[in-house]
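The structure appears right after this line, and notes come after that.
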Amino acid sequence: MAQIQFTNSLTRKKEVFEPLDPTHIRLYACGPTVYDYAHLGNARMAVIFDLLRNVLETRYEKVTYVSNITDIDDKIMTRAKETGKDISDITKLYTAIYNEDMAALGNRAPTIQPHATDHVAEMIAQIEQLIDAGHAYESDGHVLFHVPSFPKYGGLSGRSRDEQIAGARVEVASYKKDAADFVLWKPSSEDEPGWPSPWGRGRPGWHIECSVMSEKHLGLPFDIHGGGADLKFPHHENEIAQSCCAHGNEGDLSAFAKTWIHNGFLTVEGEKMSKSLGNFTLIRDVLDEGVDGIVIRLALLSASYKKPLDWSKELISRMEKMLKRIYTVILDTAEIGTIDLSETHKNDVLAALYNDLNTPQAFADIHRLLSDLERGDVSSEDKEVLRSELLLLCDTLGLKPENAENYLNKADASTLDKALVQKLITERDAAKQNKDYARADALRDELKDMGIALKDGPEGTTWERL
RNA sequence: GGCGCGGUGGCAGAAUGGCUAUGCAGAGGACUGCAAAUCCUUGUACGCCGGUUCGAUUCCGGCCCGUGCCUCCA
C-alpha cells in the first residue's frame with residue numbers, strides 16, 4: 001500500500017501521514033473573514049483542502065473537516081461603518097456568497113463550519129486559562145499573550161523573538177509588556193460590538209477563535225491544520241502559542257496539530273495577488289464571465305499546492321480544453337461499463353495524489369487515460385478498467401464527471417431549441433446525401449450562428465455548444 | 001536588515017544521480033466533401049561558476065536573478 005505523504009510546515013519535511021486515530025481523521029483549515037466577496041486566493045485554499053479531504057476519504061472511513069467563518073473582526077466593523085449596514089447583515093450576506101462560490105468550484109461544504117461569534121464563551125474560558133497559567137496578562141482593558149513566557153514561540157515560521165523585534169515595523173502599543181505580545185481580548189466602545197467578560201465589555205483578538213473552534217470540534221491534538229502560507233505568521237504561530245500554553249504543552253508545538261499544510265498563493269504577472277496591490281480577481285467575476293467553476297478548480301490545481309500559481313487567461317483556456325476533453329471522453333465511452341477496482345488498484349491510480357497532492361502528476365495520468373481510451377487498438381475489457389480509473393481520479397479531484405453531458409450541452413439549458421437543431425441537422429444530412437455541399441455548408445453556418453458546432457462522426461452527426 | 005522559497009524546452013509545469021514527464025503552442029502525416037475532434041510522428045530544456053561522483057538538471061558550496069513573509073491578507 002502506497003503511503004500518504006504531506007509536506008509538514010512544522011518540520012519542513014515531507015512525512016508519511018500517520019493518523020492519530022485511524023478510525024477518525026481530523027482536519028482544520030482557516031476559513032475567511034466575511035466582509036467582502038471571496039477572491040481566487042480564498043478559492044485556492046478551499047479547493048486544496050477540499051481535495052485533501054477527498055484524498056483522505058479514499059483511505060479512511062471517517063474524516064471530519066472543520067473550516068470556520070470569522071464573523072467578528074475590525075475589518076467587518078469598518079465595512080459596517082462604511083456602508084451603514086448592520087454587522088450581522090454583512091456577515092450573513094458574505095457567508096452565503098462565500099459558500100455559493102465554493103460550491104460552484106466543486107467544493108463540498110465542510111463537515112462543520114463554525115462561526116466565531118458562537119464561540120465567545122469558549123474564547124473567554126481559554127483566555128482565563130492562559131492568564132491562570134501565567135501566559136497572559138490584563139493591561140488597560142486588553143488581555144495580551146505574553147510571548148516571552150513561551151520559549152518555543154516562532155517554531156512554525158522559523159524566526160526567533162529577537163528577529164521579529166529587530167524587523168518589527170509596527171509601533172509598540174504602550175499597554176504591551178513586550179513588543180511581540182499579541183491581543184487576546186480588546187475593549188469595545190459603546191457603538192462597537194462587544195460581549196461581557198471578566199475584563200469588561202469587549203471582543204476577541206484575531207487568533208483566539210481558531211484555537212478555540214478547532215479544539216472544540218476536533219479535540220486536541222488533531223491531525224492536520226492548514227491555510228494559506230501568509231497565515232503562517234503571525235496567525236498560525238499565535239494559534240499554536242495559545243493552544244499549547246492553555247493546556248500545559250509548552251514543550252511540544254505539535255500538541256495542537258500534528259501536521260501543518262500551507263498552500264502557496266496566487267500571483268498575477270509574477271506578483272502576489274493581494275488586496276493592497278489591487279490585482280486580485282473575485283471568484284464571482286470569473287464565474288460571471290462564463291468560466292465554469294470546475295475549470296477554475298482545474299486551474300487552481302494545475303501547479304503544486306505549495307508553489308505560487310500565476311493566474312492568466314491562457315491558463316483558463318488551457319483548462320477549458322482539458323475539461324472539455326475529459327467530459328467528451330467520458331460521454332463517448334458511456335456505453336463502456338465500469339468495474340469495481342481492488343484496493344491495491346485504487347492505490348496505484350491515486351498514487352500521485354497520495355504523494356503530497358501531486359496534482360500535475362495526476363493531470364498527466366488523466367491525459368494518459370484519455371489517450372488510451374480513445375485509441376482503437378485497446379480492447380473493450382481494458383477500456384472498462386481505464387474508464388473506472390479515470391472516473392476514480394476525476395471524482396477524487398472533484399471534477400464532477402457526472403456533469404459531463406450538462407457541461408457539453410450547456411447552451412440547450414436556456415435558450416436553445418433542441419428540436420430545431422435536430423431538424424437542421426437532418427436537413428443537412430439529406431443535402432449531403434444529395435451531394436449538395438453548398439446547402440450543407442450553409443446549414444453548418446446557420447447552426448454556427450446559433451452557437452452550435454457540428455461534428456460528423458462514423459455514427460452520424462453530433463453537436464455541441466461553441 | 002532578519003527569515004524563507006524558487007530559477008526546467010516558445011509558454012505552463014512535474015519527477016529524477018545514468019533511462020520519453022504531461023499539457024498548450026509549432027512542424028509533418030492519417031482520417032475527413034468541408035469543419036471539428038481524434039490518432040501517429042517530431043524538434044527545442046534543466047540560471048552561472050566550482051566541488052563530490054564512473055556519471056549531476058538532480059547532492060554540496062559560492063554567485064547572479066526573481067519572489068514571499070516579517071503589518072490586514074488564502
Side-chain angles (χ1 to χ4, degrees), chain A residues 9 12 29-33 35-36 38-49 67 73-75 78 154 157-160 162-171 180 206 226-235 237 262-267 270-277 280 298-300 302-310 312 314-315 317-322 324-325 328-329 332 352 355 358-368 370-377 428 431-432 435-438 440-441 444-445 447-448 453-458 461-464 466:
Chain A
S9 307
R12 296 174 190 79
C30 292
T33 302
Y35 66 103
D36 202 349
H39 59 88
L40 288 167
N42 301 302
R44 190 178 193 196
M45 168 260 147
V47 165
I48 285 165
F49 287 96
S67 188
D73 182 275
D74 287 7
K75 289 192 292 294
T78 305
S157 52
R159 62 190 89 216
S160 75
D162 290 345
E163 284 163 359
Q164 290 166 58
I165 291 165
R169 284 186 253 153
V170 248
E171 218 174 298
W206 173 32
D230 39 8
L231 293 182
K232 229 192 240 187
F233 186 89
H235 184 56
E237 201 71 78
H262 289 98
N263 62 277
F265 14 65
L266 243 54
T267 60
E271 277 193 317
K272 185 188 173 190
M273 183 182 281
S274 74
K275 301 219 166 178
S276 51
L277 288 169
F280 60 93
L298 276 174
L300 293 171
S302 66
S304 157
Y305 74 88
K306 285 171 294 192
K307 291 199 177 175
L309 171 65
D310 205 56
S312 65
E314 195 260 337
L315 175 64
S317 86
R318 276 198 348 253
M319 292 306 125
E320 279 177 335
K321 276 182 185 157
M322 180 173 173
K324 186 174 174 188
R325 174 125 206 257
T328 301
V329 171
D332 286 352
N355 182 16
N358 189 339
T359 47
Q361 180 60 55
F363 283 17
D365 293 342
I366 284 179
H367 286 297
R368 196 202 76 242
L370 295 174
S371 288
D372 286 349
L373 275 163
E374 298 220 292
R375 273 170 42 197
D377 59 345
R428 178 168 164 275
K432 281 166 65 184
K435 305 244 192 268
D436 182 359
Y437 292 122
D441 288 349
R444 173 188 284 286
D445 287 344
L447 281 157
K448 192 177 174 186
L454 297 181
K455 296 193 292 184
D456 294 333
T461 300
T462 57
W463 60 272
E464 65 186 33
L466 283 172

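Given the structure is predicted, the values throughout are model-derived calculations rather than measurements. Each chain gets a letter, A, B and so on, in the order its sequence line appears, and its residues count up from 1. Just so it is clear, the values below take in all heavy atoms, side chains as well, and ignore hydrogens, waters and symmetry mates.
- Per the geometry, CZ belonging to A:F233 stands 9 Å off C1' belonging to B:C69, to the nearest Å.
- Judged as a side-chain hydrogen bond (donor to acceptor under 3.5 Å, both in side chains), and not counting sequence neighbours, A:D445 has no contacts.
- Atom CE of A:M319 and atom CG of A:L300 lie 10.0 Å apart (nearest 0.5 Å).
- Backbone-only contact: A:S304 has heavy atoms under 4.0 Å from sugar-phosphate atoms and none from a base.
- Nucleic acid contact for A:H262: none, since no nucleic acid atom lies under 4.0 Å from a heavy atom of the residue.
- From A:R44, atom CZ reaches atom CG of A:L309 across 4.5 Å, with rounding to the nearest 0.5 Å.
- Remark: C1' of B:U32 and NZ of A:K435 are 13 Å apart, rounded to the nearest angstrom.
- Every residue meeting the side-chain contact (heavy atoms from CB on, under 4.5 Å) condition with A:T328, not counting sequence neighbours, appears here in chain and number order: A:K324, A:D332, A:L408, A:K455.
- Legend: residues meeting salt bridge (Lys or Arg N to Asp or Glu O under 4.0 Å) with A:K272, ordered by chain and number and at least two apart, are A:D230.
- One P atom belongs to B:G26, the other to B:G10, and the distance between them is 15 Å to the nearest Å.
- Taking the P atom of each, B:U20 and B:U44 are spaced 13 Å apart, rounded to whole Å.
- Panel note: side chain A:S371, backbone A:R368; no donor-acceptor pair is recorded below 3.5 Å.
- Straight-line distance from the CG atom of A:D372 to the C1' atom of B:U22: 14 Å, rounded to whole Å.
- Protein atom NZ of A:K75 is 11 Å distant from nucleotide atom C1' of B:U71, rounded to whole Å.
- When distances are taken from the side chain of A:H367 to each of B:U22, B:A74, B:C34, the shortest belongs to B:U22.
- Residue contacts shown for A:G270 are limited to sugar-phosphate atoms, with no base heavy atom under 4.0 Å away.
- As judged by a 4.0 angstrom heavy-atom cut-off over every strand, A:L266 is placed among the base-contacting residues.
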Please write out the pairs of protein N or O atoms and N or O atoms of nucleotides 5-7 of chain B separated by less than 3.5 Å, giving the distance to one decimal.
none

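- Pairs of Watson-Crick or G-U wobble type, with distances under 3.5 Å, assemble into runs of 3 or more in RNA chain B at these ranges: B:1-7 with B:64-70, B:10-12 with B:22-24, B:26-30 with B:38-42, B:47-51 with B:59-63.
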Protein N or O to nucleotides 36-38 of chain B N or O, pairs below 3.5 Å:
residue : atom : partner : partner atom : Å
B:U38   : OP1  : A:R325  : NE           : 3.3
B:U38   : O3'  : A:R325  : NH2          : 3.4
B:U38   : O3'  : A:E374  : OE1          : 3.1

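- Taking the C1' atoms as reference points, B:C11 lies 16 Å from B:C46, given to the whole Å.
- Residue A:D310 comes nearest to A:L315 through the heavy atom pair O-CD2, 3.6 Å, listed as atom of the first residue, atom of the second, then distance.
- Between the CG atom of A:L277 and the C1' atom of B:G68 there is a distance of 12 Å, given to the nearest Å.
- Residue-level contact check: A:K232 touches neither bases nor backbone, having no heavy atom under 4.0 Å from any strand.
- Using a 4.0 Å heavy-atom cutoff across all strands shown, A:S312 reaches no nucleic acid atom at all.
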